[in-house]
Enquirer: 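Below you will find the structure I want to go over with you.
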Amino acid sequence: MATETDCIFCKIIAGEIPSTKVAEDDSTYVFMDINPATRGHALVIPKRHTQDITTIDPADLAAVTVKAQEIAKRAKEVFAADGVNLLNCCGSAAWQTVFHFHLHVIPRYVDDGLIEPWKPGQGGDADVIAAAGAALRG
Ligand code: AMP
Ligand code: ZN
C-alpha cells in the first residue's frame, strides 16, 4: 500500500497517530473528524496514499464513494440526521488542508448553523457559461 512519510492520514491508517475509527476494509478507512462541523462528521479515505481527486485511482475512488454512501445512511439512522453533505476539497484554493484524498461525510440537522458556500444568483452570463462548457468539452 502506498504511504507518504509525512502524511498524517497515512499515519492514522498505520496506527501511529490515534483516531476514532469507524470502519475499515481492504482499501478504505473511516474515522471521525477531529474538528467536526456537526455531530457525526466523519472522513472516508483510501488506504493507498494519493493527493486528491485528480490523482486517486478510479477503483479507490469507487470504494471510497460507496463507503461514504454507507456512512451517510448510517448517520441518518443513528443520529436521525435530517440530511448529509459529502464534501471533497482539491487544492488549497478549494480549502484542502490535508493532502491525502478524503471525502467528508457531514450529517446535517435543521438549524445546525452551517451556511452554504455560495448563494445561487439570478443566473450567470450565458456566453461565459457556454464558453466554459466548450472548454470542458475540449
Ligand atoms: P480538508 O480541509 O478538506 O483537507 O479537511 C481536513 C480535515 O481533516 C479537517 O476537517 C480536519 O479537522 C481533519 N483532521 C486533521 N487532522 C486530523 C486528525 N488527526 N484526526 C482527525 N481529523 C483530522
Ligand atoms: Zn497519506
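Worth saying up front: this structure is predicted, and the values here are computed from it rather than measured. When a ligand or atom number is given, it counts from 1 through the structure's own listing order. Heads up: numbering here begins at 1 and tracks the sequence.
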Enquirer: For the pair E70 and K73, evaluate salt bridge (Lys or Arg N to Asp or Glu O under 4.0 Å) and give the outcome as yes or no after the intermediate values.
Expert: CA-CA 5 Å; E70 277 175 32; K73 287 184 187 169; over 6 Å; no
Enquirer: As an exercise, identify every atom of ligand 1 less than 4.0 angstrom from a heavy atom of C89.
Expert: 3 (O)
Enquirer: May I ask you to check whether H102 and H100 place their ring centers less than 6.0 Å from one another?
Expert: no
Enquirer: Is there a side-chain contact between D52 and F99 (heavy atoms, below 4.5 Å)?
Expert: no
Enquirer: Between L87 and ligand 1, find which residue part has any heavy-atom pair under 4.0 Å and reply side chain, backbone, both or neither.
Expert: neither
Enquirer: Provide, to 0.1 Å, the distance between atom 17 (C) of ligand 1 and the closest protein heavy atom, together with that atom's residue and name.
Expert: I34 CG2, 3.7 Å
Enquirer: Taking distance alone, with N or O pairs closer than 3.5 Å, would you say Q96 contacts ligand 1?
Expert: no
Enquirer: For atom 19 (N) of ligand 1, find the nearest protein heavy atom and state the residue, atom name and distance (0.1 Å precision).
Expert: I12 CD1, 3.8 Å
Enquirer: In terms of atom number and element, which parts of ligand 1 are under 4.0 angstrom from non-hydrogen atoms of H104?
Expert: 1 (P), 3 (O), 5 (O), 7 (C), 10 (O)
Enquirer: Please work out, at 4.0 Å between heavy atoms, whether the side chain, the backbone, both, or neither of F9 comes within that distance of ligand 1.
Expert: side chain
Enquirer: Should T3 and I13 count as side-chain neighbours, where that means a heavy-atom distance under 4.5 Å?
Expert: no
Enquirer: Are Y29 and F9 close enough that some pair of their side-chain heavy atoms sits under 4.5 Å apart?
Expert: no
Enquirer: When you compare the side chain of I106 with that of H41, does any pair of heavy atoms fall below 4.5 Å?
Expert: yes
Enquirer: May I ask you to test the L43-L103 pair for a side-chain heavy-atom distance under 4.5 Å?
Expert: no
Enquirer: Around atom 4 (O) of ligand 1, find the nearest protein heavy atom and jot down its residue, atom name and distance.
Expert: T97 N, 2.7 Å
Enquirer: Starting from atom 10 (O) of ligand 1, locate the nearest protein heavy atom and write down its residue, its atom name and how far away it is, to 0.1 Å.
Expert: D33 OD2, 2.5 Å
Enquirer: With heavy atoms of M32 as the reference, note each atom of ligand 1 found under 4.0 Å away.
Expert: 21 (C)
Enquirer: Give, rounded to 10 degrees, the angle between ND1 (H100) and ND1 (H49) as seen from the Zn ion (ligand 2).
Expert: 100°
Enquirer: Mind checking whether F31 contacts ligand 1 via backbone (N, CA, C, O), side chain (CB onward), both or neither, at a 4.0 Å heavy-atom cut-off?
Expert: side chain
Enquirer: Checking side chain to side chain contact (heavy atoms under 4.5 Å, CB included) against F101, which of L61, D57, T54 comes through?
Expert: L61
Enquirer: Do any N/O atoms on V98 end up under 3.5 angstrom from N/O atoms on ligand 1?
Expert: yes
Enquirer: Using a heavy-atom cut-off of under 4.0 Å, does the side chain or the backbone of I8 touch ligand 1, or both, or neither?
Expert: side chain
Enquirer: Of the options N88, V30, V22, which is the one that meets V44 in a side chain to side chain contact (heavy atoms under 4.5 Å, CB included)?
Expert: V30
Enquirer: Output yes when the distance from some N or O of ligand 1 to some N or O of H102 is under 3.5 Å, and no in every other case.
Expert: yes
Enquirer: Under the side-chain contact (heavy atoms from CB on, under 4.5 Å) criterion, do E4 and Q51 qualify, and how do the steps go?
Expert: CA-CA 10 Å; E4 193 94 347; Q51 181 164 309; over 6 Å; no
